[in-house]
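Take a look at the structure set out below.
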Amino acid sequence: MTSDLLEQIRQSARIPRHVAIIMDGNGRWALQRGLPRHAGHREGMKAVRQALEGAVEVGVQVLTLFAFSTQNWQRPPQEISALMSLLEVYARKEKAELKRRGVRVRVLGDLDRLSPGTRRAVQGIMKATEGGKTLQLNLMISYSGRDEILWAARQLAVEVREGRKRPEEIDESTFQEYLFTRGLPDPDLLIRTSGELRISNFMLWQLAYTEIYVTPVLWPDFTREDFFAAIADFQRRQRRFGRVDAT
Ligand code: FPP
């Protein structure tokens, strides 16, 4: 399908390498229709496909989706199991298609908390798509930015205790090697749907200089055109990384 916005985006040299998304508003989408919350999450899967489609078309290298936070474990058990079964079905059903399209899937977070069946399914999709070169899709599951930083700090503390590292050697690039996103560029753009102006414990280290785009669209209604609108907005921004512009 052609899109004027996509053509415009492709003419710019500024294609974000890494886009992260806080997919929000599934519950409100369902509520507005008198449906149970899990119906919003199911509909949200369509938007996941739209965003992935858009990212491939734009030429983004890494797409990171916040699918389930550590705090989400406190939701009612039925909602948790609905989300987990969506993840499991996605991992089993879309494995072959994602592999064919060169999408490398990584599921990042505290995977020990997943049920054995869900864990097997996510390990299966990661293994099957390992060689994908078109785009890396990170699904953040049972994830929190503070937890990720704490895990890194703990591992580094062990390295120091065992004498493998000296404290003064620990700089930003060393620290990054201990995060789930090791080896990846930081997100250039963060998209949040449903109008909330919060980071919600997401990629706290990696978002330091990321451009933020918030849209009122609820996640289940998000389309590839909405994705293109976010990219076009990003292309109009001036990124300074704390510096002043050269004159
Ligand atoms: C936020 O909406 C959304 C989530 C907590 C889950 C997002 C999950 C999906 C779209 C499906 C699973 C994804 C994959 C890739 C397997 P909310 O429930 O907080 O909405 P609300 O703020 O309106 O209540």
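If you're wondering where the values come from, they're calculated on a predicted model, not measured in any experiment. Along the sequence shown, residues are numbered consecutively beginning with 1. All ligand and atom numbering here is 1-based and tracks the order in the structure.
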Closest protein heavy atom (residue, atom, distance) for atom 6 (C) of ligand 1: A67 O, 3.3 Å

Ring geometry between F241 and Y209 (parallel below 30°, tilted from 30 to 60°, perpendicular above 60°): tilted

Residue selection (non-hydrogen contact nearest atom 2 (O) of ligand 1) among N26, L31, V107, L87: N26

Test item: W219 side-chain N/O and G44 main-chain N/O as donor-acceptor pair under 3.5 Å: yes

Proximal atoms of ligand 1 relative to R28 (non-hydrogen, under 4.0 Å): 21 (P), 22 (O), 23 (O)

Residues K165 and E169 bridged, charged N to O under 4.0 Å: no

Close-contact set for ligand 1 against R75 heavy atoms, below 4.0 Å: 5 (C), 17 (P), 18 (O), 19 (O)

Atom indices of ligand 1 within 4.0 angstrom of W219 heavy atoms, with elements: 10 (C)

Interfacing atoms of ligand 1 (cut-off 4.0 Å, heavy-atom, R37): 17 (P), 18 (O), 24 (O)

NZ/NE/NH1/NH2 to OD/OE distance under 4.0 Å, R49 and E97: no

Carboxylate-amine/guanidinium contact R224 E53, below 4.0 Å: no

Qualifying residue for side-chain hydrogen bond (donor to acceptor under 3.5 Å, both in side chains) with S3, from E57, Q8, E225: E225

Atom 5 (C) of ligand 1: the protein heavy-atom neighbour that sits closest, reported with distance to 0.1 Å: N72 OD1, 3.7 Å

R182 (side chain) donor-acceptor with E177 (main chain) under 3.5 angstrom: yes

Any N/O pair L83/ligand 1 closer than 3.5 Å: no

Contact (N/O only, under 3.5 Å) between D24 and ligand 1: yes

Proximal atoms of ligand 1 relative to L139 (non-hydrogen, under 4.0 Å): 15 (C)

Atoms of ligand 1 close to G27 [distance to a heavy atom under 4.0 angstrom, numbered from 1]: 17 (P), 18 (O), 20 (O), 21 (P), 23 (O), 24 (O)

Residues E130, R104: salt bridge by 4.0 Å N-O rule: no

Test of proximity, Y90 against ligand 1: N or O pairs below 3.5 Å: no

Residue and atom name of the nearest protein heavy atom (relative to atom 3 (C) of ligand 1), distance in Å to one decimal: M23 O, 3.1 Å

Under-4.0 Å salt bridge between E159 and R154: no

Atom 12 (C) of ligand 1 - nearest protein heavy atom and its distance: M45 SD, 3.5 Å

